[in-house]
Amino acid sequence: MALIVQKFGGTSVGTVERIEQVAEKVKKFRDAGDDIVVVVSAMSGETNRLIELARQISEQPVPRELDVMVSTGEQVTIALLAMALIKRGVPAVSYTGNQVRILTDSAFTKARILQIDSQRIQRDLKAGRVVVVAGFQGVDEKGNITTLGRGGSDTTGVALAAALKADECQIYTDVDGVYTTDPRVVAKAQRLDKITFEEMLEMASLGSKVLQIRAVEFAGKYSVPLRVLHSFQEGPGTLITLDEEESMEQPIISGIAFNRDEAKLTIRGVPDTPGVAFKILGPISAANVEVDMIVQNVAHDNTTDFTFTVHRNDYNNALKVLNGIAQEMGAREVIGDTDIAKVSIVGVGMRSHAGVASRMFEALAKENINIQMISTSEIKVSVVIEEKYLELAVRALHTAFELDAPAGAGE
Ligand code: ADP
Ligand code: ASP
Ligand code: MG
């Protein structure tokens with residue numbers, strides 16, 4: 001008998017019929033003798049609908065109140081699923097994050113889980129009940145409702161699995177595993193049987209939303225066996241694993257991630273004196289804007305150009321701050337660009353292979369795609385390109401690194 005935490009995402013509980021289907025699935029596992037804790041998201045589209053409602057009141061809603069509201073989406077689905085289970089003769093009980101006591105910090109809309117009280121759940125499991133927990137939400141020390149950031153139900157699932165020392169955490173979604181890249185963009189993408197935590201962490205942080213980055217961090221930290229599976233199709237899914245296989249077959253690149261959520265800012269003709277980077281990025285950071293990629297050009301005529309990227313939501317704010325800095329520093333001009341995208345290749349195989357980056361650049365050059373910025377780490381290379389070329393770039397790289405599914409495979 002195993003203890004399994006199963007998380008079902010928004011599309012998997014998007015209608016009452018689907019919730020009934022999820023209940024059937026959970027029942028099957030239970031009938032086989034496993035203890036089951038289920039984590040569910042809100043019905044697909046519901047979180048967006050709620051955020052939109054708040055925006056009708058205020059462009060920047062008070063984060064505490066936003067969390068009180070968006071957490072309601074999950075409260076609906078836990079109750080519906082518990083009802084569907086009980087209807088099938090499966091004893092079940094639903095809990096909100098507060099009721100379990102998923103304790104978080106007080107960073108509303110992006111709270112971090114600090115501690116989970118597993119006693120209540122353990123008691124229910126012992127009594128033979130399936131426990132259905134609301135994803136995405138917690139409670140801070142003062143009793144305020146918090147949420148964990150978009151896609152946060154994944155993190156609830158993994159954190160519960162860690163707290164309960166579950167045998168496995170299964171993330172059920174609308175794809176049958178983690179693919180070499182988003183299968184909605186590249187039809188020839190292939191499902192991976194396995195991917196390492198390290199690679200999955202990069203993929204998630206570079207834009208693959210199949211798993212929330214914090215869920216992967218948690219799973220790695222607490223060694224939670226994690227698997228991504230299709231909610232309604234049988235299959236092995238993708239196992240997120242600790243071990244890197246040292247095989248000759250190891251592909252150099254495991255996957256390609258991309259992100260349309262960034263914007264680029266350039267400050268031109270800054271007097272090139274010590275401390276330039278600090279003078280520019282200090283105020284940006286003080287304005288609570290996170291910077292991703294940074295490039296500073298070699299100085300000529302005693303001035304330099306400085307370029308960086310930020311989240312698109314922070315673009316207007318960053319632009320305002322940068323215009324102020326430009327005036328103060330006597331810079332020539334500030335240029336902003338929101339029509340950019342970041343494409344990254346990820347793979348632990350890169351460690352043992354030279355020339356990976358140049359192969360990437362060659363593939364992009366062949367398609368006449370201009371690279372605006374580059375950043376590398378041990379297991380990834382990222383480039384910023386014009387947004388309109390994003391899909392072309394991802395497809396070209398997928399082919400160049402021999403990730404395409406053989407003709408006739410899949411679908
Ligand atoms: P859920 O609502 O179940 O949490 P998400 O929409 O958050 O589902 O995540 C699943 C989606 O992630 C897929 O539909 C797919 O389009 C997207 N995705 C992005 N990159 C990948 C990838 N490398 N492998 C699989 N899916 C990916
Ligand atoms: N419902 C939340 C969201 O849409 C959490 C989740 O689905 O994981 O972001
Ligand atoms: Mg998700």
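Whatever order the structure lists them in is the order used to number ligands and atoms, beginning at 1. Keep in mind it's a predicted model, so treat the numbers as computed, not measured. Residue indices begin at 1 and follow the sequence shown.
Contact between G152 and ligand 2 is present, with at least one heavy atom of the residue lying under 4.0 Å from the ligand. Assignment of G73 to the shell around ligand 2 is not supported, since no heavy atom sits closer than 4.0 Å.
Every atom of ligand 2 with a heavy atom of E74 under 4.0 Å away is listed here by number and element: 1 (N), 2 (C), 5 (C). Near G151, with a cut-off below 4.0 Å to any heavy atom, the atoms of ligand 2 are 3 (C), 5 (C), 6 (C), 8 (O), 9 (O). Close contacts of ligand 2 with S41, meaning ligand atoms under 4.0 Å from a residue heavy atom, involve 6 (C), 7 (O), 8 (O).
Within 4.0 Å of ligand 1, the residues that place a heavy atom are K7, G9, G10, T173, D174, V175, G177, V178, Y179, T181, D182, P183, R184, M203, S208, K209, V210, listed by chain and number.
Residue contacts with ligand 2: K7 is placed with no nitrogen or oxygen under 3.5 Å of a nitrogen or oxygen of the ligand (distance criterion only).
Take T238 and apply the side-chain hydrogen bond (donor to acceptor under 3.5 Å, both in side chains) test, not counting sequence neighbours, and it matches no residue.
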Side-chain donor-acceptor contacts of residues 356-376 below 3.5 Å, not counting sequence neighbours, with atom names and distances?
{"unit_1": "S358", "atom_1": "OG", "unit_2": "G355", "atom_2": "O", "d": "3.1"}
{"unit_1": "R359", "atom_1": "NH2", "unit_2": "A400", "atom_2": "O", "d": "3.1"}
{"unit_1": "Q372", "atom_1": "OE1", "unit_2": "K264", "atom_2": "NZ", "d": "2.8"}

Could you go through residues 32-42 and list every donor-acceptor pair under 3.5 Å that involves a side-chain atom there, pairing it with any protein atom two or more places apart or in another chain?
{"unit_1": "D34", "atom_1": "OD1", "unit_2": "A2", "atom_2": "N", "d": "3.1"}
{"unit_1": "S41", "atom_1": "OG", "unit_2": "S153", "atom_2": "OG", "d": "3.2"}

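Compare K209, Q212, R150, M43 by their heavy atoms: the one nearest to atom 3 (C) of ligand 2 is in R150.
Between M350 atom CE and I252 atom CD1 the span is 9.0 Å, to the nearest 0.5 Å.
Results of the side chain to side chain contact (heavy atoms under 4.5 Å, CB included) test with L85 over V22, V90, I19, L80 single out V90 as the only residue that passes.
More than 12 non-hydrogen atoms from other residues, nucleotides or ligands lie less than 6.0 angstrom from NZ of K279.
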Would K27 and D31 count as a salt bridge (charged side-chain N to carboxylate O under 4.0 Å, His left out) here? Give the steps. CA-CA 6 Å; K27 180 178 185 318; D31 289 349; 2.9 Å; yes
